[in-house]
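Every chain is numbered from 1 and lettered A, B, ... according to where its sequence line falls, protein lines coming before strand lines.
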2 protein chains.
Amino acid sequence: MQAHNPGSHLTRHHHVTIGTGAAQEDYDFHTRVLGMKSVKKTLFYDGAVPIYHLYYGNDRGDESSLVTTFPMAHTGVRATPGSGQVSYVSLSAPSAAVDYWRARLLEHGFAVRDVERFGERYVDFQHPCGVNYAIVGVDGDVRPPRSAGPVPAEVMLRGTHSIGVSTRSMDFMDEFMEVAWGGRRIGEDGPLVRYALGAGGTGAIVDFVIEPQRRPGSWTVGQGAIHHMAFQVATHAQQAELKFFIEGLGYTDVSDVKDRGYFDSIYVRTPSGALFEATVSHDPSFTCDEPAERLGLDVMVSPQFKANKDELMAQIGYLRD
Amino acid sequence: MQAHNPGSHLTRHHHVTIGTGAAQEDYDFHTRVLGMKSVKKTLFYDGAVPIYHLYYGNDRGDESSLVTTFPMAHTGVRATPGSGQVSYVSLSAPSAAVDYWRARLLEHGFAVRDVERFGERYVDFQHPCGVNYAIVGVDGDVRPPRSAGPVPAEVMLRGTHSIGVSTRSMDFMDEFMEVAWGGRRIGEDGPLVRYALGAGGTGAIVDFVIEPQRRPGSWTVGQGAIHHMAFQVATHAQQAELKFFIEGLGYTDVSDVKDRGYFDSIYVRTPSGALFEATVSHDPSFTCDEPAERLGLDVMVSPQFKANKDELMAQIGYLRD
C-alpha cells in the first residue's frame, strides 16, 4: 500500500526550526562554532512581533542541510522543554570527523557527552540557549558540505541526521507515522523508537524518546525549545494530496499552505505532541531575492514588516558576520 | 487586557461534533430520545470516504443549540476514548425538568448516574455508541427550545451547557485558554477546572478533567469519541484576527478557513490535546439550501461528492424519520 499512501510523498528532512536566545549568540554558534553558512536572514513570517528567522546550511542551503532559528531573547518569551516536543536534533558528520568535532566543541567551551544510539556514535552538546544538539558519525552521506567555511570541508557537517521527539506515548503516533506520514518503523533501542521516511538513511530519520512521566513542554514559540520539524515534499500536487488525506483521517488542524518566501508549507500537530511541517521548496529558493554569491548576508524582511525596515531593525538589531 | 485580546472574540459554544456508530441509531437517539430537531443532513466535508454529518438542535439550529455527529459504523473506523479529548458533553434543561429527563432516559433503557459538578445537578448517560452525555439542570437559560418535537417545550433541552475535556496536564492549557482563547478560569471542583468564555453562563463553559495517568485517546475521526468542540465568532474579521494572533504565538497548525456550507471554520489543536474550532455562521445558515419548513429532511450533499449522489446514498443509506 506504500505506493498509494500520500504519506509516501514525504521523502526526508527539509529543516528543523528552533527557538533560541540572543540573535548574535545564535549566529556565532552556528556560523563560527559549527561552521555552517548563513543562507538566509529573514524574519518569522507569523505574528506582529518582529523576530529573526535565521537559516544555516551548506553553500546553497539544500534541503535537509538546514537548521533554522527564531532568536527570541528580545521578546522575553521562554519555552519550556518537555514531552510533546522535538527534544534534540543530530547533525551528520563523517565518522572519522567525530573526534575533530568533540575536540572543537570542548575548545569552544561546550560540555560534551558521548552516547550511542542505534549503534551510532553521538556527541551530545547544547546550543548556548540550552537546546539539545548532537553530532553523529555517519559514513556515505552524499550531501555536499559547506565548501569554504571555518571548518574544513572533509570534516564538515552535512545536515540533519535525525531528530528525537520526546513523547509520553506512542499510542497513536505509530499509526500517524505509518498511515499519515508514510514512515516505516525500523528499530528500537531502549526507550527509543526509530522511523525512516522515503529512501531512509541520514536526513530521513525520526526517533521517538518514550518518556511516559515527563511533563509536557510548551508549544508556543519561545527561547529554549525546538518549535517544529519540517519534511520535504517534491510538488504542490503531492502536498495537496497529503493535506486532503490527513484531513480526511480527522487531523483537521492541518494549516493552510503558507508561503514562507523560499518554500510553501503546511503544518499539523502530531499525536506525539510535536509539530510537523510538510514543505515544497520554491524554484529558485534562497536565490529568489539575493544572488548566490551574497546568500545570507543582508536581511530579507518578511511580508508583514516591509513598511518599516528601519524601525524593525532597531528592534531586532543587525548581526555582525 | 481582555478587550484587546483576539481570544475575546470567542463568545460561546457553536456546536460539538461526535464520531458515532450507525446513522439510524444516532438519528433515533437524538430526534426520538432527546427530542432534538434534525436541522441538517449533510456529509463530512473532509476526505474521500462518504460519512454523514448530522446536525441536531432547536427549531432554527441556533448556535450553541447544536450537537452534530459523524456516524462511522459503515467505515469500521473506531475511536479510542482517552485523555487529550473532549470526553463528555452536557446539555442544558430547566432544573425542574431533570427528573423528567432521568425518568425518560430510564424508560428508553439508558443507564443513568447522578453526579454533582460545580454545584450543578448532572444526569450522566451514554449515547448508544458509548460517548458520554449528560443533562444538567440550569435555570434562566434564554435559548429557545425546540417547539414541536416529541418532548414538551417546557422541559426540552436548550443546547450545550458545558464540555468536559480530559487532559493529563493543564501545564500549558491554562495559558492557552487565557491568552489564545479568551477564557476566564472561574472555578475548581476536585479534578475539574472550569473556564467561561464571553459573557459566561450556560453554553459558554469549558471544563477540564485533569487525569494525569489516563492513556491518550485517538485524534482521528472514529466511532465512539468526541472529535472536536466548536466556538462561535461573530465576524470573519474577528476570526482572521484570532488566526493571526494564535499563529503568532506559535500554534502554527491553525487550519485554513474551511467553508462548511453553513459556517466558516478554523481549527487548532490545543495543549490539552482537544481539537477546538472557531466558526462564523453564514447568514443565512441552515436555510441557505432548503426552506425553514423542510429543514433537516433531505440530504444536502457536501461539495466533494456532488457528482454521484445515487452511488453515495447506496453507501451511507437513507434515514427514516
Side-chain angles (χ1 to χ4, degrees), chain A residues 17 19 44-49 51 70 72 77 79-80 82-84 167-173 175-176 179-180 212-213 215-222 225 227-228 243-258 265-273 275-277 304, chain B residues 17 19 44-49 51 70 72 77 79-80 82-84 167-173 175-176 179-180 212-213 215-222 225 227-228 243-258 265-273 275-277 304:
Chain A
T17 298
F44 186 28
Y45 272 50
D46 292 338
V49 178
I51 297 163
F70 298 133
M72 301 287 296
V77 178
T80 305
S83 59
T167 186
R168 295 175 74 169
S169 163
M170 289 299 286
D171 277 6
F172 299 99
M173 194 62 198
E175 180 185 78
F176 183 91
V179 176
Q213 298 307 322
R215 289 190 79 140
S218 50
W219 287 357
T220 41
V221 172
H227 183 258
H228 64 262
K243 177 169 157 68
F244 181 81
F245 176 67
I246 293 175
E247 287 169 347
L249 295 173
Y251 297 100
T252 320
D253 63 316
V254 180
S255 79
D256 39 320
V257 179
K258 293 171 185 292
S265 301
I266 58 173
Y267 300 80
V268 65
R269 183 71 55 187
T270 70
S272 68
L275 184 67
F276 281 6
E277 170 182 349
Q304 83 270 45
Chain B
T17 298
F44 185 29
Y45 271 50
D46 292 336
V49 179
I51 297 163
F70 298 134
M72 300 288 295
V77 178
T80 304
S83 59
T167 185
R168 296 177 73 169
S169 163
M170 289 298 286
D171 277 5
F172 298 99
M173 195 62 198
E175 179 185 78
F176 183 90
V179 177
Q213 297 306 323
R215 288 190 79 140
S218 50
W219 288 357
T220 42
V221 172
H227 183 257
H228 65 262
K243 177 170 158 67
F244 181 81
F245 176 68
I246 294 176
E247 288 170 345
L249 296 173
Y251 296 100
T252 321
D253 62 316
V254 181
S255 79
D256 39 321
V257 179
K258 292 171 185 291
S265 301
I266 58 173
Y267 301 80
V268 65
R269 182 71 55 187
T270 70
S272 68
L275 184 67
F276 281 6
E277 173 182 347
Q304 82 271 43

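Atom OG in B:S218 sits 11.5 Å away from atom CG in A:L249 (nearest 0.5 Å).
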Between A:E277 and B:T252, is the side-chain contact (heavy atoms from CB on, under 4.5 Å) condition met? List the steps.
CA-CA 9 Å; A:E277 170 182 349; B:T252 321; over 6 Å; no

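Using a 4.5 Å cut-off between heavy atoms, B:F245 does not touch chain A at all. When heavy atoms are compared at a cutoff of 4.5 Å, A:T17 does not approach chain B at all. If you measure heavy-atom distances from B:F276 to chain A, you find no contacts under 4.5 Å at all. In this structure, the portions of B:Y267 lying under 4.5 Å from any heavy atom of chain A include both its backbone and its side chain. With a 4.5 angstrom heavy-atom cutoff, B:S83 does not touch chain A via any of its atoms. For A:F44, the part lying under 4.5 angstrom from a heavy atom of chain B is the side chain only.
Scanning for side chain to side chain contact (heavy atoms under 4.5 Å, CB included) contacts around A:D256 gives A:K258, B:K243, B:E247, B:D256, with sequence neighbours left out. Not counting sequence neighbours, A:H227 has no partner by the ring pair (Phe, Tyr, Trp, His ring centres under 6.0 Å) test.
For chain A, the option among B:V221, B:I51, B:V49, B:I266 with the highest count of heavy-atom pairs below 4.5 Å is B:V221. Counting heavy-atom pairs closer than 4.5 Å to chain A, the top residue among B:G84, B:P212, B:A180, B:G217 is B:G217. For chain B, the option among A:G248, A:S265, A:G47 with the highest count of heavy-atom pairs below 4.5 Å is A:G47.
B:R269 pairs with exactly one of A:V268, A:L275, A:D253 by the side-chain contact (heavy atoms from CB on, under 4.5 Å) rule, that one being A:D253.
Using a 4.5 Å cut-off on side-chain heavy atoms (C-beta onward), B:R215 and A:R168 make no contact.
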